[in-house]
Colleague: 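Can you keep this structure in mind? I'll have questions shortly.
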Amino acid sequence: MFFASLKGWNLLKGIAIAYFPSLIPAAEYKAFYPFMKKVKLLLEESGYFHIQSTKPDTVGCALADSPVGLAAYILEKFSTWTDPEGRSSPDGNLTKKFTLDELLTNVMIYWVNNNITSSVRFYKENIGKREHEKMPIAVPCGVALFPNELLMLPRTLLSRNATQLVSYTVMPSGGHFAAFEEPQLLVDDVWKFVSLVEKMK
């Protein structure tokens with residue numbers, strides 16, 4: 001989920017791409033369009049972000065008090081962020097990519113350690129002035145674009161932030177929990193990135 005704030009020329013390019021998707025390669029186009037459908041999905045799926053970045057202790061206390069509430073809060077994300085079609089499925093398509101044991105293990109990591117409040121507080125502590133985002137990333141970078149990721153940018157719009165973007169792979173499937181959903185695709189891409197960086201020496 002490599003995302004950068006768009007300013008100046010990049011903001012204008014982003015607007016142009018939204019209206020003229022042929023400006024980016026066809027493989028990337030499939031991950032970003034239809035544009036308004038992607039925007040609608042982002043609006044529908046970002047409620048958690050607003051709550052966690054403004055009232056983290058309120059939602060944190062509620063989730064720390066109820067194991068069922070915690071499971072519902074976390075598993076809903078596994079459903080919709082893995083595949084948006086899970087929203088219209090009676091069981092959220094949760095076991096399409098994960099076993100119930102895997103999902104329960106994830107929930108229990110938060111429950112047993114009682115760390116859900118600190119994990120949601122991270123959003124409030126990192127919202128606002130983000131001076132570090134103004135600094136370009138000058139080391140070699142690799143991006144794996146999974147088509148069901150909530151927020152991502154085309155390669156052309158990442159160049160301001162990642163000045164040495166040596167690898168940008170458009171994946172055939174997967175979403176926000178890529179390492180959990182598509183581990184082989186991700187590890188293959190990591191090794192591809194490593195080999196590209198080694199050749200740069």
Side-chain angles (χ1 to χ4, degrees), residues 1-5 31-32 36-133 142-153 169-191:
M1 190 171 172
F2 185 173
F3 188 78
S5 56
F32 295 102
M36 288 314 294
K37 183 179 178 183
K38 292 289 185 176
V39 170
K40 182 176 183 282
L41 179 66
L42 182 61
L43 290 174
E44 291 171 343
E45 293 299 323
S46 60
Y48 82 97
F49 180 87
H50 301 289
I51 293 170
Q52 291 178 192
S53 60
T54 58
K55 310 290 183 199
D57 293 327
T58 304
V59 71
C61 288
L63 296 174
D65 189 55
S66 169
V68 174
L70 178 65
Y73 193 78
I74 291 172
L75 297 182
E76 178 264 331
K77 305 295 182 277
F78 274 98
S79 171
T80 58
W81 294 359
T82 300
D83 181 2
E85 300 304 317
R87 297 170 54 169
S88 59
S89 171
D91 65 356
N93 287 341
L94 280 169
T95 55
K96 188 174 176 182
K97 285 283 183 182
F98 315 108
T99 68
L100 291 177
D101 280 347
E102 289 171 332
L103 294 168
L104 182 59
T105 298
N106 189 283
V107 172
M108 291 303 288
I109 289 170
Y110 291 93
W111 182 255
V112 172
N113 294 305
N114 193 25
N115 61 7
I116 190 64
T117 306
S118 60
S119 76
V120 299
R121 194 178 294 129
F122 173 84
Y123 287 76
K124 181 165 179 62
E125 292 170 356
N126 285 281
I127 200 79
K129 289 188 178 180
R130 300 173 60 86
E131 296 298 319
H132 64 281
E133 287 185 354
V143 171
L145 170 62
F146 288 86
N148 290 329
E149 179 60 272
L150 284 176
L151 198 56
M152 194 56 122
L153 289 174
T169 307
V170 180
M171 295 295 185
S173 60
H176 185 71
F177 305 102
F180 203 5
E181 300 168 53
E182 301 289 354
Q184 194 61 55
L185 285 176
L186 185 60
V187 78
D188 288 347
D189 197 58
V190 169
W191 284 117

Colleague: Determine the minimum heavy-atom distance between Phe146 and Ser173, stating which atoms define it.
Modeller: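 For Phe146 and Ser173, the tightest heavy-atom pair comes out as CD2-O, 3.0 Å.
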Colleague: Is the closest side-chain donor-acceptor distance between Asn106 and Glu102 under 3.5 Å?
Modeller: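 Not at all, the side chains of Asn106 and Glu102 share no donor-acceptor pair under 3.5 Å.
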Colleague: Thr169: what forms a side chain to side chain donor-acceptor pair (under 3.5 Å) with it, not counting sequence neighbours?
Modeller: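 Checked Thr169 against side chain to side chain donor-acceptor pair (under 3.5 Å); matches are Asp189, Lys192.
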Colleague: Can you tell me which residue pairs pass the salt bridge (Lys or Arg N to Asp or Glu O under 4.0 Å) test with a partner in residues 56-83, sequence neighbours excluded?
Modeller: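 Salt bridge (Lys or Arg N to Asp or Glu O under 4.0 Å) check on residues 56-83 returns Asp57-Arg121, Asp83-Lys96.
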Colleague: Supply the atom-to-atom distance Leu103 CG to Lys97 NZ, rounded to the nearest 0.5 angstrom.
Modeller: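 One gets 13.0 Å once the value is rounded to the nearest 0.5 Å.
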Colleague: Could you check whether any side-chain heavy atom of Glu181 comes within less than 4.5 Å of a side-chain heavy atom of Phe98, counting everything from C-beta outward?
Modeller: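 Touching, per the 4.5 Å side-chain cut-off.
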Colleague: How far apart are the closest heavy atoms of Thr117 and Ala64, and which atoms are they?
Modeller: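 So the two residues come closest at OG1-CB, 4.3 Å.
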Colleague: Looking at Gly86, is its backbone amide N or carbonyl O close enough to the side chain of Ser89 to form a donor-acceptor pair, meaning the two atoms are under 3.5 Å apart?
Modeller: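 Looks like no, no N/O pair under 3.5 Å.
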Colleague: Please check if the number of heavy atoms outside Tyr48 that lie under 6.0 Å from its OH is greater than 12.
Modeller: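 Enclosed: over 12 neighbouring heavy atoms sit under 6.0 Å from OH of Tyr48.
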Colleague: Please name the pair of heavy atoms, one in Glu45 and one in Leu150, separated by the smallest distance, quoted to 0.1 Å.
Modeller: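 That would be CB-CD2, 3.8 Å.
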Colleague: Do you know the tightest heavy-atom contact between Ser79 and Gly92?
Modeller: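 Looks like OG-O, 2.7 Å.
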Colleague: Drop me the distance from Asn93's CG to Thr82's OG1, to the nearest 0.5 angstrom.
Modeller: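 Interatomic distance, Asn93 CG to Thr82 OG1, rounded to 0.5 Å: 9.5 Å.
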Colleague: Take atom CG of Leu43 as the centre, draw a 6.0 Å sphere, and report whether it contains more than 12 heavy atoms from other residues, nucleotides or ligands.
Modeller: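 Atom CG in Leu43 is crowded, with more than 12 foreign heavy atoms closer than 6.0 Å.
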